[in-house]
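This one's a predicted model, so the numbers in the text were calculated from it and none came from an experiment. Order of listing sets the numbers, starting from 1, for every ligand and every atom in it.
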Amino acid sequence: MAACAHLDQIEVPELPESVEGCEDCLRDGGVWLHLRICLTCGHVGCCDDSPNRHATAHHQAAGHPLIRSLEPGDEWSWCYLDELAMVIGDVRGQTRIPPSPMLAG
Ligand SMILES: [Zn+2]
Ligand SMILES: [Zn+2]
Ligand SMILES: [Zn+2]
């Protein structure tokens, strides 16, 4: 059975109470669909269905392997290196996020 060998790189055991959105989109004036957080450094980026795919870009730039979805009700995490989805019970909390600017209006 496949298992992720990168759980020791998790340095964000507790999700933030709230975030403003994808930090790269907010800086560049972009829009996002879904939000993902890097479990190594806490970077908040946007999903691969967003125009700029900042979560994947962050993985490629920083080499951090694991993200977790910040969408309400989502509990899954994803390891880029193993291409494996999983639920990591050690990561606690629930993050308040604003609605997607792509879906607003
Ligand atoms: Zn892994
Ligand atoms: Zn973004
Ligand atoms: Zn990171």
Side-chain angles (χ1 to χ4, degrees):
M1 195 179 103
C4 173
H6 308 95
L7 299 180
D8 61 346
Q9 296 189 41
I10 296 175
E11 306 207 10
V12 181
E14 182 112 35
L15 298 176
E17 202 168 294
S18 66
V19 299
E20 304 283 307
C22 169
E23 35 190 273
D24 298 310
C25 284
L26 288 170
R27 189 191 55 228
D28 300 342
V31 295
W32 62 86
L33 188 59
H34 298 138
L35 295 176
R36 313 291 185 230
I37 189 168
C38 170
L39 291 178
T40 300
C41 71
H43 170 273
V44 176
C46 50
C47 70
D48 283 355
D49 291 321
S50 304
N52 296 302
R53 303 180 176 193
H54 284 127
T56 296
H58 172 73
H59 157 67
Q60 286 165 350
H64 297 157
L66 287 156
I67 55 167
R68 188 189 188 281
S69 175
L70 288 182
E71 296 301 306
D74 276 3
E75 296 195 332
W76 57 265
S77 297
W78 172 256
C79 178
Y80 285 105
L81 299 179
D82 293 313
E83 300 193 331
L84 196 65
M86 70 202 101
V87 172
I88 302 172
D90 289 347
V91 178
R92 295 176 306 275
Q94 178 95 45
T95 305
R96 249 191 345 267
I97 63 171
S100 159
M102 288 176 71
L103 302 177

Which atom name does His54 have for its N/O/S atom nearest to the Zn ion (ligand 2)?
ND1
Interatomic distance, NE2@His43 vs CD1@Ile67, rounded to 0.5 Å, equals 11.0 Å
Are side-chain N/O atoms of Asp49 and His34 paired as donor and acceptor at under 3.5 Å?
no
What's the verdict on side chain to side chain contact (heavy atoms under 4.5 Å, CB included) for Leu66 and Trp78, showing C-alpha distance, side-chain angles and the deciding distance?
CA-CA 6 Å; Leu66 287 156; Trp78 172 256; over 6 Å; no
Among the clusters formed by ILVMFWY side chains lying less than 4.5 Å apart, do Tyr80 and Trp76 turn up in the same one?
yes
If the cut-off is 2.8 Å, does any N/O/S atom of His43 fall short of it from the Zn ion (ligand 3)?
no
If you count every protein N, O or S atom closer than 2.8 Å to the Zn ion (ligand 1), you should arrive at 4
Nearest heavy-atom pair of Leu35 and Glu71: which atoms, and what distance?
N-OE2, 2.8 Å
Is there a side-chain contact between Thr40 and Ile10, using heavy atoms and a 4.5 Å cut-off?
no
Could you go step by step and tell me if Met86 and Cys4 meet the side chain to side chain contact (heavy atoms under 4.5 Å, CB included) rule?
CA-CA 9 Å; Met86 70 202 101; Cys4 173; 3.7 Å; yes
Quick check for you: with the Zn ion (ligand 3) as the vertex, what angle do NE2 of His58 and ND1 of His64 span, to 10°?
110°
